[in-house]
Amino acid sequence: MDMYEKVIELARRRGFIWPAFELYGGAAGFYDYGPLGAPLKRGIEDLWRAFFVIREGFCEIECPTIGVEDIYKASGHLSGFSDPLTECKECSEIYRADHLIKHIIEVPDALANEEIYRVIQENDVFCPECGGDLSEIYEFNLMFKTFIGPGGKQPGYLRPETAQGMFVNFPRLLRHYRDRLPFGAVQIGKSYRNEISPRQGVIRLREFSQAEAEIFINPRDKTHPRFGEVADLVMTLYSKGGQERGETEEMTVGEAVDKGIIAHETLAYYVARTYQFLTEAGISKDRLRFRQHKDDEMAHYAADCWDAEVLLDRFGWIEIVGVADRTNYDLRSHMAQSQANLTVYLPFDEPRKEEKLVVKPDMKKLGPLFRKGAKAVADALQALPMEDLKQDPILVEVDGEKVEIDPALVSFEMVEEEIRGEEIVPHVIEPSFGIDRILYSVLEHSYREEMVEGETRAVLALQNRVVPIQVAVLPLMDRAELVAPAEEIARELRGMDLRVEYDSSGSIGRRYRRNDEVGTPYSVTVDYETLEEGTVTIRDRDSMSQIRVKKGEVAEKVLALLKGEMKFSEAGSPLAS
RNA sequence: GCGGCUGUGGUCCAGGGGUUAGGACAUGAGCUUCCCAAGCUUGUAGCCCGGGUUCGAUUCCCGGCAGCCGCACCA
């Protein structure tokens, strides 16, 4: 059994991750989060919120998971996210149709499917495997399509990423932030991709959760005011150059920016925050690296892009986060599609003075003279440079005809104008997190087995911050005199909003093991000394050691331990074993 | 989507054209002053789905679904 099998088996058995629709045979690429998985996922998302909403001052929004067609025309998902496929009629092999004619047509992407098929037929392209005839082209789009309202008139698509919600709300977000850069907006939610062949469990899903931030910044200033907070952080980087040499480098974030390895401070800042988030969530530092996209794998508009990759036992290095400088591509696309103005007015530090030629055609006279053509003449006059306006007569060309204009009909002068700022389209830094992949990676990186008295002990060493069961309350035996105080303690802990597991079944050792396996960090045990001395024990998951504390103090101590405000060894007196 | 392998209680596995499908672990109830998967008593729970062959199918055949591996695909 490899690690993946062990972890997935545990996750299924103990209620973290279940195949969806199992009752009806299931469907590939869909999973349920069970009673422990759902709180674990929420814990990871809440930690993400702490990092990317609270501490950065970004806002969280929530948009529909179904989008109208224009959004995905603009984003490129409608055209770029679908592949033209063709199938061999003999051996049923499937090919990307455009790939088959690459050597004939330079830009096959530009062709319609019928045209690709014609090129295939005219150039005698056959199945590369068996030489058989190829079928007509059919489109496979990775977006789930649906229809909005009755009649099938308005198509809708399940969103393939949450990012577009932030882009299409840009004008309102800008106003929310009172017309100033930089600002950020985030969204945590489901996205959908109709993958051809989802494999690898929760790594490749058809419905998955993303946490994405879109940070809108001034393209002229990509420094970051809080860069100093992360400059000394050491990370494992796998840069473009490093990939060519086949080696990773340990480096501080500051050094990476100084050497030009990471494009600029702002990108590096969020790479660093990503590192902190992942390690606090429970990703192992020595199985985490940041890999830079090579030029040919990066989208053409992107300036720089770094993926956080984790090392998984079965799958090798897997991408779990992408942090990209997408420049102004997305906003420009939506400007073109929607005709809306998605710019920000940026004042200059100092107003600039500029000389400007102002041309004023005398419309009172030009109007009667040229009637319908007057506007075209005036436009042509206004486009002329100074020298041409000084001629007598002034020559302009309107609709291919040369027209002579009396200089008396037009006045012009140089005006000194003060320019206080300019309209710009912000650049976007996009950290994009795959929550499901992170959750699985946290499980695998937290899982360990150790030998205890000849038995294998399985432990999920989850971080307190994300753990689904925070504390177990266990009477030493299922007897009334122990059960009563144990139930009382469980009630008290629940009263503090802790997620408590109360368990009185079987032997105490078995219950410790069960809780170890799902990561419960602390177990409170009620024994006969509780009745005699008024104390209980707290057991630490990782060390298996126990301390004894007063019953009345156990709740506050457990809370302090969970928050990391108290060391375990200092929370009570050690239990003689 | 193609090919190969696989599908039996919650988990892991055994089995087999014919009465009641077997084990281990897990799990419920009970006993036990018992702190690391102990013990005893006693329960619950299964042949992936559909069709075919057959007197009879969990077993054989076909299809579907799911899992694993390979190919293809992967903004």
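Every value quoted in this text rests on a predicted model; they were computed, and no experiment measured them. Reckoned from all heavy atoms, side chains included, excluding hydrogens, waters and symmetry mates. A note on names: the letters A, B, ... follow the listed sequences, proteins ahead of strands, and every chain is numbered from 1.
- Between A:Tyr270 and A:Glu430, the side chains place no donor N or O within less than 3.5 Å of an acceptor N or O (distance only, hydrogens not considered).
- Nucleotide B:C36 holds its P atom 17 Å from the CG atom of A:Asp503, rounded to whole Å.
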Between A:Ile17 and A:Tyr33, does the side-chain contact (heavy atoms from CB on, under 4.5 Å) criterion hold? Intermediate values first, please. CA-CA 5 Å; A:Ile17 300 168; A:Tyr33 287 103; 4.0 Å; yes
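- A sub-4.0 Å separation between OP1 or OP2 of B:C25 and a side-chain N or O of A:Arg13 is absent.
- Using a 4.0 Å cutoff on non-hydrogen atoms, the parts of residues 472-489 of chain A near RNA chain B are A:Leu476, A:Met477, A:Arg479, ordered by number.
- Stacking between A:Tyr512 and the base of B:C36 is absent under the criterion of ring centres within 5.5 Å and planes under 30 degrees.
- Using a 4.0 Å cut-off between a side-chain N of Lys or Arg and a carboxylate O of Asp or Glu, A:Lys294 and A:Glu244 do not qualify as a salt bridge.
- The side chain of A:Arg457 places no N or O atom within less than 4.0 Å of a non-bridging phosphate oxygen (OP1 or OP2) of B:C36.
- Ion pairing between a basic and an acidic side chain is recognised when a charged N comes within 4.0 Å of a carboxylate O; A:Glu529 and A:Arg548 show such pairing.
- Here A:Ile203 contributes atom CD1 and A:Ile318 contributes atom CD1; the two are 5.5 Å apart, rounded to the nearest 0.5 Å.
- Distance A:Phe315 CZ to B:C69 C1': 12 Å, rounded to the nearest Å.
- Side-chain atoms of A:Arg539 and base atoms of B:C36 include a donor and an acceptor less than 3.5 Å apart.
- Put simply, the side chain of A:Gln546 and the base of B:C35 share a donor and an acceptor less than 3.5 Å apart.
- A ring-centre distance under 6.0 Å is found for A:Tyr4 and A:Tyr440.
- Distance, A:Arg511 CZ to B:C35 C1': 10 Å, rounded to whole Å.
- Nucleotides B:G52 and B:U59, compared at atom P, are 14 Å apart to the nearest Å.
- Within the structure, every side-chain polar atom (N or O) of A:Ser507 is placed at least 4.0 Å from both OP1 and OP2 of B:G39.
- Ion pairing between a basic and an acidic side chain is recognised when a charged N comes within 4.0 Å of a carboxylate O; A:Glu45 and A:Lys41 show such pairing.
- At whole-Å resolution of the value, CD in A:Glu9 and P in B:C12 are 5 Å apart.
- At the phosphate of B:G67, neither OP1 nor OP2 sits under 4.0 Å from any side-chain N or O atom of A:Arg314.
- Remark: A:Arg289 qualifies as a cation-pi partner of A:Trp317 under the 6.0 Å distance and 45° angle criteria applied to the six-membered ring.
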Map every base of RNA chain B to its dot-bracket character, where paired means a Watson-Crick or G-U wobble contact with both distances under 3.5 Å and | marks a partner outside the strand. (((((((..((((....[...)))).(((((.......)))))....(((((..]....))))))))))))....
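- Here the rule is salt bridge (Lys or Arg N to Asp or Glu O under 4.0 Å) with A:Asp516, and of A:Arg541, A:Arg510, A:Arg511, A:Arg457 only A:Arg457 fits it.
- There is no side-chain donor-acceptor pair under 3.5 Å between A:Gln210 and A:Arg159.
- Heavy atoms of A:Asp527 sit under 4.0 angstrom from at least one base atom.
- Nucleotides B:G39 and B:C35 are separated by 16 Å at their P atoms, to the nearest Å.
- Comparing the C1' positions of B:U44 and B:G30 gives an interatomic distance of 15 Å, to the nearest angstrom.
- At B:C68, one or more side-chain N or O atoms of A:Tyr4 fall inside 4.0 Å of OP1 or OP2 (strictly under the cut-off).
- Among the protein residues, A:Gly201 comes within range of the sugar-phosphate backbone only, with heavy atoms under 4.0 Å from sugar or phosphate atoms but none that close to a base.
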